[in-house]
Amino acid sequence: VILFGLRISVVIGLGAVFFAAALGVILGLVAGFFGGLVDSVVMRIADVLVSFPTILVALLISGIARAQLSADAMLAWAPLVLIFSIAVNEWVQYARTVRASTMVEVARDYVRAAKVIGLPSGRIMGRHILPNVMSSVMVIATINLAGAILTEATLSFLGAGMPPTYPSLGTLIRIGNQFLFSGLWWIAVMPAAVLVILVLAVNIIGDYLRDRFNPKLMAR
């Protein structure tokens with residue numbers, strides 16, 4: 001059961017990170033490449049979203065989905081609702097990082113040459129700028145994966161995440177918490193220990209990638 005819950009938690013975390021990274025990279029590229037009004041609109045939306053805690057936004061979206069969908073529909077759409085509710089507030093970090101890197105790349109000669117010969121903006125962003133900013137995105141995605149898994153576990157523990165029929169680690173901890181003082185402590189402790197080990201492993205990998213792609217450390 002723990003391995004089944006581990007799989008669900010990892011899949012939801014990966015889905016949330018992928019959705020947030022894709023949205024953030026696209027908006028960051030567009031904002032950094034075009035600048036002006038487009039940049040201002042994207043960044044102001046990002047400023048508004050970052051002012052709200054991720055868990056609060058996720059609870060709000062999950063509550064709205066539960067109120068609008070039937071019980072059977074919610075069982076089918078629970079993973080997608082959970083992925084969207086976690087990712088909707090996490091794209092801001094990707095967008096800001098990609099925007100800053102894109103603004104640096106736009107000032108370089110190869111981008112200016114591509115504009116002079118008349119290449120479409122989409123091709124310049126996708127073929128020339130995007131590969132140069134993906135290293136930062138990979139590091140952020142790895143680090144945010146641990147946060148996405150913890151957010152999913154928190155939502156499921158509060159009863160706003162995965163249903164008991166598809167138990168994630170957070171759901172298993174919530175169910176085991178009911179038997180914590182009856183002598184069956186391992187029902188809650190074991191999935192909690194697996195969650196700690198999983199998040200710790202992801203954070204270690206994220207720290208390694210951050211050091212690996214740091215130019216200053218690579219120069220040493």
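Note: hydrogens, waters and symmetry copies are ignored here, and every other heavy atom, side chains too, is used.
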Review point. Between the side chain of Ser62 and the main-chain N/O of Ala58, is any donor-acceptor distance below 3.5 Å?
Key: no
**Study point:** CG-CD1 distance between Leu198 and Ile149, expressed to the nearest 0.5 angstrom
**Key:** 4.0 Å
Practice item. Mind listing the closest non-hydrogen atom pair of Gly32 and Thr102 along with its distance? Key: C-CG2, 3.7 Å
**Study point:** Pair Ile45-Trp91, side-chain contact (heavy atoms from CB on, under 4.5 Å): steps then yes or no
**Key:** CA-CA 11 Å; Ile45 295 175; Trp91 63 267; 4.1 Å; yes
Exercise for review: Taking all non-hydrogen atoms of both residues into account, name the closest pair between Gly24 and Tyr94 and its distance.
Suggested key: CA-CB, 3.9 Å
**Study point:** Interatomic spacing from CG in Leu56 to CD1 in Ile61 - rounded to 0.5 Å
**Key:** 10.0 Å
Practice item. Go through the steps for Glu105 and Tyr110 under the test side-chain contact (heavy atoms from CB on, under 4.5 Å), then give the verdict. Key: CA-CA 9 Å; Glu105 297 298 325; Tyr110 74 94; 2.5 Å; yes
Check your understanding: Atom CE of Met134 and atom OG of Ser101: how far apart are they, to the nearest 0.5 Å?
Key -> 11.5 Å
Practice item. Please report the shortest heavy-atom distance between Arg66 and Ala160, naming the atom on each side. Key: NH2-C, 3.3 Å
Check your understanding: Can you find a pair of side-chain heavy atoms, one from Val50 and one from Arg96, that are under 4.5 Å apart?
Key -> yes
Practice item. Please round to the nearest 0.5 Å and tell me the distance separating atom CD1 of Ile187 and atom CD1 of Ile2. Key: 10.0 Å
Review point. Under 6.0 Å from the CE atom of Met190, do we count more than 12 heavy atoms belonging to anything else shown?
Key: no
Check your understanding: Do you know which two heavy atoms are closest between Arg99 and Asp39, and how far apart they sit?
Key -> NE-OD1, 2.6 Å
Check your understanding: Does one hydrophobic cluster hold both Leu14 and Val194, with members joined at side-chain heavy-atom distances below 4.5 Å?
Key -> yes
Review point. Which atom names give the shortest non-hydrogen contact between Ala16 and Ala87, and what distance separates them?
Key: O-CB, 3.3 Å
Check your understanding: Is Phe4 linked to Ile12 within one hydrophobic cluster, defined over Ile, Leu, Val, Met, Phe, Trp and Tyr using a side-chain heavy-atom separation of less than 4.5 Å?
Key -> yes
Point to revise | Ser85 side chain to Leu82 backbone, donor-acceptor under 3.5 Å | key: yes
Exercise for review: Indicate yes or no: at least one non-hydrogen side-chain atom of Leu119 is less than 4.5 angstrom from one of Arg127.
Suggested key: no
Point to revise | Contact summary for Thr97 and Ile140, nearest pair of heavy atoms | key: OG1-CD1, 3.3 Å
Review point. Would a distance-only check, ignoring hydrogens and angles, find a side-chain to backbone donor-acceptor pair under 3.5 Å from Ser9 to Leu169?
Key: yes
Check your understanding: Heavy-atom distance under 4.5 Å between the side chains of Ile124 and Ile129, does that happen here?
Key -> yes
Check your understanding: Can any side-chain N or O of Ser51 pair as donor or acceptor with the backbone N or O of Val48 at less than 3.5 Å?
Key -> yes
**Study point:** Hphob cluster co-occupancy, Leu150 + Leu200, side-chain heavy atoms under 4.5 angstrom
**Key:** no
Practice item. For the pair Thr171 and Arg174, evaluate side-chain contact (heavy atoms from CB on, under 4.5 Å) and give the outcome as yes or no after the intermediate values. Key: CA-CA 5 Å; Thr171 306; Arg174 175 169 59 87; 3.6 Å; yes
Practice item. Count the heavy atoms belonging to other residues, nucleotides or ligands that lie under 6.0 Å from CZ of Phe52, then report whether that count exceeds 12. Key: no
Study note, to complete from the structure: Output for pair (Thr154 OG1, Ile86 CD1), nearest 0.5 Å, gives 9.0 Å
Practice item. Could you please spell out the steps behind the side-chain contact (heavy atoms from CB on, under 4.5 Å) verdict for Phe34 and Val42? Key: CA-CA 11 Å; Phe34 293 103; Val42 172; over 6 Å; no
Check your understanding: If you measure from CD on Gln178 to CG on Leu184, what distance do you get to the nearest 0.5 Å?
Key -> 12.0 Å
Point to revise | Close side-chain approach of Lys115 to Val106, heavy-atom, < 4.5 Å | key: yes
**Study point:** Side chain Ser156, main chain Met162, donor-acceptor under 3.5 Å
**Key:** yes
Exercise for review: Please answer: with hydrophobic residues joined when any side-chain heavy atoms are less than 4.5 Å apart, are Phe179 and Phe157 in the same cluster?
Suggested key: yes
Point to revise | Residue pair Phe33 / Val38, side-chain heavy-atom distance below 4.5 Å | key: no
Review point. Quick one: does Asn203's side chain have a donor or acceptor within less than 3.5 Å of a partner on Val199's backbone?
Key: yes
**Study point:** Cluster overlap Met43 with Met103, hydrophobic side-chain contacts below 4.5 Å
**Key:** no
